[in-house]
Amino acid sequence: MLFTDYKYKQKAVFTGFPSSVQLTCQTIRNVCACTYISDVWPQWMHRVINHRYMNVCWDYILKRFLKGASSECRCVQGLNKKMIRAKHIITNNPVKQLTHYNETNEQKLFKIANELLKTEKAYVARLHLLDQVFSAKLMEEAGKGTFPVEVVKNIFSNISSVHTFHSQFLLPDLERRMGEWESTPRIGDILLKLTPFLKMYAEYVKNFDQAMELLKQWSDRSPQFKSIIQEIQCQEVCGSLTLQHHMLEPVQRVPRYEMLLKDYLKKLPPDHLDRRDAEKSLEIIATAATHSNSAIRKSDNLKKLLEIYEMLGEEEDIVNASNEFIKEGHILKLAARNTSAMERYLFLLNNMLLYCVPKFSLGGPKYTLRTRIGMDGMKVLETSNEDYPHTFQVSGKERMLELQASSEQDKAGWIKALQETIAVFQQKNESFKTASKEVEEVSTAELGKRAPRWIRDNEVTMCMKCKESFNALTRRRHHCRACGYVVCWKCSDNKVALQYDNNKVNKVCRDCFSILTGEEPAEGKKKGILEIGAGQFTGSSIMCGFLQYSEKTKPWQKVWGVLPEKECLVLYLYGAPQDVKAQCTIPLLGYCVEDSPRPTDPPASFRLSQSKSVHSFAAESEELKQRWLRVMRLAVTGEMPERPVSVLDTHRMKVKVRFDSVVQHNQRV
């Protein structure tokens with residue numbers, strides 16, 4: 001039986017001395033509960049005789065210990081003799097005691113160096129998994145044309161270079177040094193020689209956000225891409241962790257070097273040969289760790305956004321590198337009419353407040369998003385309500401909410417978080433405006449003739465023309481070569497020759513293009529046929545009105561149908577009379593109009609059919625159905641139908657006749 005079976009399991013009964021002494025006393029007591037003291041002597045006695053307090057309180061410990069020892073313990077006398085002898089060795093040989101302390105310190109240095117080696121081996125195995133398994137398998141599949149090779153390269157960045165550095169340089173050097181530790185007990189010289197290469201982590205860390213976005217995007221887009229990743233993740237070597245977790249390892253590795261080296265320096269004597277190299281290595285590692293720590297914070301934020309995305313049923317697109325999670329929590333919302341309290345949930349981001357309703361369902365999404373309230377123009381006010389304490393008001397452009405917190409502390413926390421978030425948002429907007437003003441100082445007459453001052457990328461968070469937020473994937477930063485604005489690709493899709501650049505053609509923003517050429521820039525995307533508002537047609541249409549519509553076997557839905565005068569051969573279907581974009585259009589020429597009702601069709605129904613295409617309609621009344629049929633039967637043959645007199649027109653004519661008769665009567669009188 002070993003003393004480790006008993007060690008630390010009972011609270012020490014010896015008081016009046018430092019906790020370390022009490023712990024040793026308890027160790028002795030637990031050991032002596034063993035039947036055979038010889039089994040445990042080498043393990044526990046070495047610990048006891050090296051204890052720094054033993055020469056102070058030895059007699060007290062012996063007295064208290066032997067008094068409480070079990071009467072059945074057959075080795076108490078032998079133990080007593082050995083402990084007294086150990087006391088004699090310690091108290092009469094102070095030099096020997098000091099030697100033991102120095103050896104212990106050296107052992108600690110060895111332990112730290114050995115831990116660095118062990119963690120390095122595990123880290124190299126993780127890098128091999130990323131480089132030679134995940135990346136290699138995906139590159140092999142990409143070579144078949146399943147998905148772009150560039151996607152895989154952009155996801156894994158320079159992981160191959162990182163793997164080569166650690167597996168062929170740092171790890172072999174550490175293994176060699178640990179093998180010769182007795183003659184060369186130092187690691188600072190190795191780290192000083194190799195830590196400059198840690199700068200390669202800057203590229204990996206900088207690319208980390210984009211890699212996570214690409215990984216998510218292509219997992220959704222490509223089944224083969226997702227299948228390969230899932231297949232590897234199921235292997236034992238992955239340890240039941242996802243690819244995202246493994247990719248976070250290089251980001252976390254540099255801060256771990258910093259932590260181990262700081263611990264190493266604490267144990268290193270001031271005059272040690274390795275101190276100077278170790279301190280210089282720590283300076284280099286600390287610089288690299290700053291970037292990694294920032295990336296860790298970003299990755300944690302990205303994980304939280306993904307959690308919120310899942311809680312909202314994966315329907316709200318909030319996973320964006322420019323979004324930052326601030327706070328979340330339950331809240332009560334006071335109804336506007338009767339001030340009844342309803343349970344709600346809030347997610348506060350750096351640029352919006354998500355106002356959600358809890359869903360009572362087993363599994364699936366936890367919340368339904370009711371409103372997004374932007375930070376622009378948001379105000380927070382503390383309110384008082386006798387019936388409902390701890391209330392405050394949040395008002396924005398989208399909605400005004402009167403909320404009740406669970407306590408005064410919770411209320412203060414929400415108000416503080418909201419006010420600080422609003423202040424940071426406004427400060428960024430002010431910086432944006434200041435940057436804009438500085439650029440506007442460039443004279444219009446000098447535009448294109450003098451090189452502008454470029455606005456730095458980190459000075460703006462949105463396009464300085466269309467005000468859309470930048471992100472690493474779909475809306476990246478570009479500079480107008482004429483005015484220096486930071487704009488998105490849509491707003492910089494124009495080129496013109498600039499005088500200051502020897503009349504070379506350069507990218508410019510839309511406004512500069514108009515000023516320099518006198519022409520309106522071509523739209524990046526022409527307005528489609530569906531993007532004509534229903535209101536533009538309603539006043540000048542041959543026929544318009546609500547219809548029930550079904551395509552083939554799809555469910556019936558209510559639409560607003562319009563036959564414009566200018567395009568009388570095309571039927572436009574909108575969701576509502578004021579929609580700015582049509583749901584679909586049907587070119588009527590060549591269609592067959594069928595009036596025979598089917599058993600499953602609603603009343604006043606008719607159909608348009610052509611080959612396999614069938615569009616079913618149902619008017620609000622039989623009279624309206626006949627009017628639609630008359631117009632459509634002409635349109636499908638290519639004839640221009642005349643505008644029929646609508647019910648509204650008839651009503652207007654009746655009103656006009658009545659008005660004219662009243663006027664004539666008054667004139668006679």
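Below, all heavy atoms of this structure are taken into account, side chains as well, without hydrogens, waters or symmetry copies.
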Which pair of heavy atoms, one from [X] and one from [Y], lies closest together, and at what distance?
| X | Y | value |
| --- | --- | --- |
| Ser492 | Val487 | CB-CG2, 3.6 Å |
| Arg399 | Lys333 | NH2-NZ, 3.9 Å |
| Cys491 | Lys465 | SG-CB, 3.8 Å |
| Met247 | Ala211 | CE-CB, 4.0 Å |
| Leu447 | Ala482 | CD1-O, 3.6 Å |
| Ser135 | Val152 | O-CG1, 4.0 Å |

Minimum side-chain heavy-atom gap [X]-[Y] below 4.5 Å:
| X | Y | answer |
| --- | --- | --- |
| Val394 | Met400 | no |
| Leu563 | Cys544 | no |
| Phe513 | Asp493 | no |
| Leu573 | Ile586 | yes |
| Thr421 | Val424 | no |
| Gln244 | Met212 | yes |
| Leu312 | Thr368 | no |
| Leu346 | Leu353 | yes |

Does the ring centre of His478 sit less than 6.0 Å away from the ring centre of Trp489?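 Ring centroids of Trp489 and His478 are no less than 6.0 Å from each other.
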
For residues Tyr549 and His615, is any side-chain donor paired with an opposing acceptor at under 3.5 Å?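 Note: Tyr549 and His615 side chains meet the donor-acceptor criterion.
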
Compute whether any side-chain donor of one residue and acceptor of the other, for Thr146 and Glu141, lie under 3.5 angstrom apart.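 A donor-acceptor contact under 3.5 Å links the two side chains.
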
Angle class for the [X]/[Y] ring planes (parallel below 30°, perpendicular above 60°, tilted otherwise)?
| X | Y | value |
| --- | --- | --- |
| Tyr367 | Tyr345 | parallel |
| Phe225 | Phe147 | perpendicular |
| Phe208 | Tyr204 | tilted |

Pairs flagged by side chain to side chain donor-acceptor pair (under 3.5 Å) wherever residues 148-163 is involved - sequence neighbours left out: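 Counting only pairs at least two positions apart or across chains, the side chain to side chain donor-acceptor pair (under 3.5 Å) contacts touching residues 148-163 are Asp131-His163.
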
Is a donor on one side and an acceptor on the other found under 3.5 Å between the side chain of [X] and the backbone of [Y]?
| X | Y | answer |
| --- | --- | --- |
| Glu402 | Phe392 | no |
| Asn350 | Glu324 | yes |
| Thr637 | Leu634 | yes |
| Ser514 | Gly518 | no |
| Asn351 | Leu349 | no |
| Gln393 | Glu382 | no |
| His479 | Tyr485 | no |

Does Phe325 have Lys304 sitting over its ring (NZ/CZ under 6.0 Å from centre, angle to axis within 45°)?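 The answer is yes, since Lys304 meets both limits relative to Phe325.
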
Could you tell me if Lys226 sits above the aromatic ring of Trp218, with its cationic atom closer than 6.0 Å to the ring centre and no more than 45 degrees from the axis?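 No, Lys226 does not sit over the ring of Trp218.
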
Just checking [X]: does its [atom1] atom have more than 12 heavy atoms from other residues, nucleotides or ligands closer to it than 6.0 angstrom?
| X | atom1 | answer |
| --- | --- | --- |
| Lys137 | NZ | no |
| Phe197 | CZ | no |
| Arg370 | CZ | no |

Interatomic spacing from [atom1] in [X] to [atom2] in [Y] - rounded to 0.5 Å:
| X | Y | atom1 | atom2 | answer |
| --- | --- | --- | --- | --- |
| Arg253 | Ile285 | CZ | CD1 | 10.0 Å |
| Cys512 | Asn506 | SG | CG | 11.5 Å |
| Lys449 | Leu498 | NZ | CG | 12.5 Å |
| His166 | Met200 | NE2 | CE | 7.0 Å |
| Ser281 | Leu198 | OG | CG | 9.5 Å |
| Gln233 | His245 | CD | NE2 | 10.0 Å |

For a side-chain contact (heavy atoms from CB on, under 4.5 Å) check, start with the C-alpha distance between Gln548 and Lys558, then their side-chain angles and the critical distance, and finish with the verdict. CA-CA 5 Å; Gln548 293 292 329; Lys558 191 175 183 179; 3.9 Å; yes

Would you call Arg256 and Glu249 a salt bridge, taking side-chain N to carboxylate O under 4.0 Å as the test?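 Result for this pair is yes, salt bridge flagged.
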
Pair Lys397 + Asp376, salt bridge at N-O below 4.0 Å: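 Result for this pair is yes, salt bridge flagged.
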
Would you please name every residue forming a ring pair (Phe, Tyr, Trp, His ring centres under 6.0 Å) with Tyr355, sequence neighbours left out?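 Not a single residue meets the ring pair (Phe, Tyr, Trp, His ring centres under 6.0 Å) criterion with Tyr355.
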
Under the criterion side-chain contact (heavy atoms from CB on, under 4.5 Å), I'd like the reasoning laid out for Arg510 against Asn494: C-alpha separation, chi angles, the key distance, then a yes or no. CA-CA 7 Å; Arg510 294 180 179 182; Asn494 299 282; 3.6 Å; yes

Yes or no on side-chain contact (heavy atoms from CB on, under 4.5 Å) for Leu282 and Tyr257, after CA distance, side-chain angles and deciding distance? CA-CA 9 Å; Leu282 181 60; Tyr257 286 136; over 6 Å; no

Would you check, one step at a time, whether the test side-chain contact (heavy atoms from CB on, under 4.5 Å) holds for Asp501 with Arg481? CA-CA 10 Å; Asp501 196 19; Arg481 267 57 173 180; over 6 Å; no

